[in-house]
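The structure displayed is predicted, hence computed values, not measured ones. To find a chain, count down the sequence lines: A is the first, B the second, and so on, and within it residues start at 1.
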Amino acid sequence: MADPVQFMSHFTTVEYRVPDPSPLNVYFAEQLAKGRIVGHKCPQCGKVYMPPRGYCPLCVVETTAKDEVEVADRGTVTTFSVITPLQYQGQEETDDYVQATILLDGSDTTIMVAHLDGVAIADVHSGLRVKAVWAPESERSGATGSLARQMGLGSAVTSWEATGEPDTPRDHLAEHIV
Amino acid sequence: MRDIAIVAFAQAPADQPAGQTETLMLLPTITRALADVGLTRRDVGFTCSGSADYLTGGTFTFVQMLEAAGAWPPIPESHVEMDGAWALHEAWVRLQHGDVDVALVFSSGRASLGVSLRETLTFQLDPYYLAPLGADYVSLAALQGEAVMARTGRTERDLAEIVAARTGLDVDKLLAEPYVVAPLRTHDIGPPVDGAAAVVLVAGDRARELCERPAWIAGIDHRADPHYPGVRDLSRSRSTTLAGEKAGVGNGGVEVAELHAVCTPEEIVLADALGLGGDVDVNPSGGGIAANPMMVTGLVRIGEALKQIAGGRSRVLGHASSGPCLQQNLVCVLEGRN
């Protein structure tokens, strides 16, 4: 007689498709490939959402191409974190580095997890003025990407560098920290 | 008990652009439902939504969907990880408290992001006995179909006739198709689609002001059978019978029943369980067998029942179901009074 079953392995998977990029994702990426950063300005409250979402979550109204505005490729560090990398398989970072949140001029939403290039950690501070370092046009993957996550700013902007301009006053950053 | 009515229902169009977000499917749908009765989001005292993270593989996805309801300044809201019909039940309970008069209910689902809904739904089963077998909802519905045919003497032809009667398709042609899982063929199984819908509930005199012919909730109740399908008679649905009794289906009968059946045998089980006679118009909308927007199908049944009231019927029911083999059932009886 067979031994009674005491253990049973149950390996399970569930598969999902990565959602198709939304029409707005695609448009945003196409514009990035041309060196333009676009957003939608809410017709009611005037806040600018970059990337465009197709609606203002505060006024709950839809926004469309007629609400499009161009946002500058320079802005201000609102807040930042200094990351001390733990070593694990696949970890490529060895030294401390900074991840910054940046408010672009003309936008009300921030870019998160931005990489600062050529700025010493000790010099990073809230109010620091920065500008985009664009990838060469031929390497801007957004317009040819097939996934939403290949269509963000990172598809065309490699990092951010200090401009040397005077700091942005703190008052300007109110309501725009994250 | 307060008198509470359903005054508006809106459903997202089926032809959404590729990559459309659930938030953008919901936003205009909610606006439309409220605008139908001259309301805005500011008038809503309580919001309740239904959806399920397992469908898209996301976490806390209902939070993004809330942006379609408008959650700033902060609003009182709740969410059920269930079909929107259960969100409607919660909103009805909330309106019974008496301090708010208007509730918004919405739900959405994008089953198209799961590679297989049959695979995804195995996660609703117990993790010890059934989930490891991969007992998907179509296979379970097929077992239910065998049980129904064994008890009632009905045949596969009877199943096909449910579809033929509504679509005009030829029964013999339907029966010539191969099985998906015997005794079920493609026509027996409601095709999963993406969807979103919104409903507005209003209490008492406010409903009378807003709407010429509100659909009053005469009774609403939901009940559950044991989770494990092996311990029940799958050819019957005791929880549906009980929910129907508590919702008062028997007190005057109904002219129309919108039943949340996504496979043909379920429709037979449900109609039996609710004691629906031959004079009752069952699923004039086509029901869940015509299209199955997961997490929305039940709420749409209640919305379709509302349309019947608006069209002049006086007593109808909307039913919603959840879980393997009709495990949980909700019955909502609506009455039209000018």
Side-chain angles (χ1 to χ4, degrees), chain A residues 4-30 40 42-47 49 51-67 108-109 112 142-152 155 175-176 178, chain B residues 16-32 34 40-42 44 47 53-58 61 63-73 75 104 110-134 136 194:
Chain A
V5 174
Q6 292 188 315
F7 294 97
M8 185 177 74
S9 299
H10 171 212
F11 298 105
T12 185
T13 59
V14 59
E15 289 180 52
Y16 296 97
R17 297 183 180 89
V18 177
D20 286 335
S22 76
L24 278 171
N25 291 145
V26 176
Y27 179 76
F28 183 68
E30 285 168 357
H40 277 183
C42 173
Q44 229 162 286
C45 69
K47 284 194 191 299
Y49 296 89
R53 306 172 176 208
Y55 65 99
C56 170
L58 300 181
C59 304
V60 202
V61 293
E62 286 180 84
T63 58
T64 62
K66 70 175 166 34
D67 304 305
D108 287 286
T109 58
M112 298 175 76
T144 54
S146 56
L147 303 175
R149 63 169 175 269
Q150 296 168 350
M151 296 190 160
S155 68
E175 295 188 16
H176 295 112
V178 291
Chain B
Q16 298 286 330
Q20 182 66 293
T21 62
E22 259 168 271
T23 307
L24 275 176
M25 285 167 77
L26 282 165
L27 195 153
T29 305
I30 291 171
T31 304
R32 194 148 41 87
L34 289 167
T40 72
R41 287 168 172 83
R42 295 268 174 242
V44 174
T47 299
D53 281 356
Y54 273 91
L55 290 186
T56 54
T61 52
V63 178
Q64 294 152 40
M65 267 88 95
L66 257 186
E67 294 198 333
W72 185 262
I75 57 169
L104 167 68
R110 291 188 69 197
S112 65
L113 291 183
V115 167
S116 160
L117 184 63
R118 289 173 64 178
E119 187 179 275
T120 306
L121 286 189
T122 61
F123 287 86
Q124 72 179 328
L125 303 169
D126 85 81
Y128 309 109
Y129 299 107
L130 280 182
L133 295 179
D136 65 280
D194 295 351

- Note on the structure: For A:E62 and B:P28 the tightest heavy-atom approach is OE2-CB, 3.6 Å

- Message: Measuring only between side-chain heavy atoms, which start at C-beta, is A:V60 closer than 4.5 Å to B:E67?
- Response: no

- Of the backbone (N, CA, C, O) and the side chain (C-beta and beyond), which part of B:F123 lies under 4.5 Å from a heavy atom of chain A, both, or neither? side chain

- Using a heavy-atom distance cut-off of less than 4.5 Å, which residues of residues 113-122 of chain B contact chain A? B:L113, B:G114, B:V115, B:E119, B:T120

- Contact check, side chains of A:L58 and A:Y49, non-hydrogen atoms, under 4.5 Å: yes

- Query: Do the side chains of A:N25 and A:P51 get nearer than 4.5 Å, heavy atoms only?
  - Reply: no

- Side chain, backbone, both or neither: which part of B:P73 has a heavy atom under 4.5 Å from chain A? neither

- Item | Proximal component of B:P132, with respect to chain A [non-hydrogen, under 4.5 Å] | both

- Message: Any heavy-atom pair between the side chains of B:V63 and B:L66 that's under 4.5 Å?
- Response: no

- Message: Could you check whether any side-chain heavy atom of B:T29 comes within less than 4.5 Å of a side-chain heavy atom of B:M25, counting everything from C-beta outward?
- Response: no

- Message: Does B:Y54 have more than 12 heavy atoms from other residues, nucleotides or ligands lying within 6.0 Å of its OH?
- Response: no

- Does the side chain of B:Q20 come within less than 4.5 Å of A:D20's, by heavy atoms? no

- Message: So which residue, A:G54, A:P57, A:C56, ends up with the most heavy-atom pairs under 4.5 Å with chain B?
- Response: A:P57

